[in-house]
Amino acid sequence: GDIGLYYRDAKAAYEEHVKENDCVVLTMTVAEKKTHYSARDVANADKARRLQNIMGFQTLKEFTKILLQRPDALVTIDDTLAAEDIHGKILGGLKEKPCTEKASPSKPPTR
């Protein structure tokens, strides 16, 4: 048989799915979402996302709580909400993190 790189034509698969199911799948890219905001809002949203990443991938709720405690923060809650809308949820919290608890030593089986 043929040996090589396999790929799936996403456009053809999408068109086939729409024909079979009589539906529409809507997706929006980051670039498309940025068109809904001014250049300044996008820059501030990017700054908010960078700060959120530097602070250790805080969730939106945790990060806004921190911002409420710091009225002198470099970014606003609106910047953070725009970042969430443009870029989506932060995925860093889903990545594997080191275990904080020490594993208990295993005991050898008794005879």
Please report the interatomic distance [atom1]([X]) to [atom2]([Y]), rounded to the nearest 0.5 Å.
X     : Y     : atom1 : atom2 : result
Lys33 : Ile86 : NZ    : CD1   : 9.0 Å
Leu60 : Lys65 : CG    : NZ    : 13.5 Å
Asn44 : Thr76 : CG    : OG1   : 7.0 Å
Glu84 : Ile77 : CD    : CD1   : 13.0 Å
His87 : Asp46 : NE2   : CG    : 4.0 Å

Does any non-hydrogen side-chain atom of [Y] lie less than 4.5 Å from one of [X]?
X     : Y     : value
Leu67 : Arg70 : no
Arg49 : Ile90 : yes
Lys47 : Asp79 : no

For the student: nearest non-hydrogen atoms of Thr80 and Gln52, plus distance:
CG2-OE1, 4.2 Å
Which heavy atom of Ala83 sits nearest a heavy atom of Ala45, and at what distance?
CB-O, 3.3 Å
Are [Y] and [X] co-members of a hydrophobic cluster defined by side-chain heavy atoms under 4.5 Å apart?
X     : Y     : result
Leu68 : Ile66 : yes
Leu74 : Ile54 : no
Met55 : Leu81 : yes

Check against side-chain contact (heavy atoms from CB on, under 4.5 Å), Asp85 and Tyr37:
CA-CA 10 Å; Asp85 181 49; Tyr37 294 89; 2.5 Å; yes
Run the side-chain contact (heavy atoms from CB on, under 4.5 Å) check on Leu51 and Phe63 step by step: do they pass?
CA-CA 10 Å; Leu51 181 61; Phe63 193 62; 3.9 Å; yes
Looking only at side chains, do Asp41 and His36 share a donor and an acceptor under 3.5 Å apart?
no
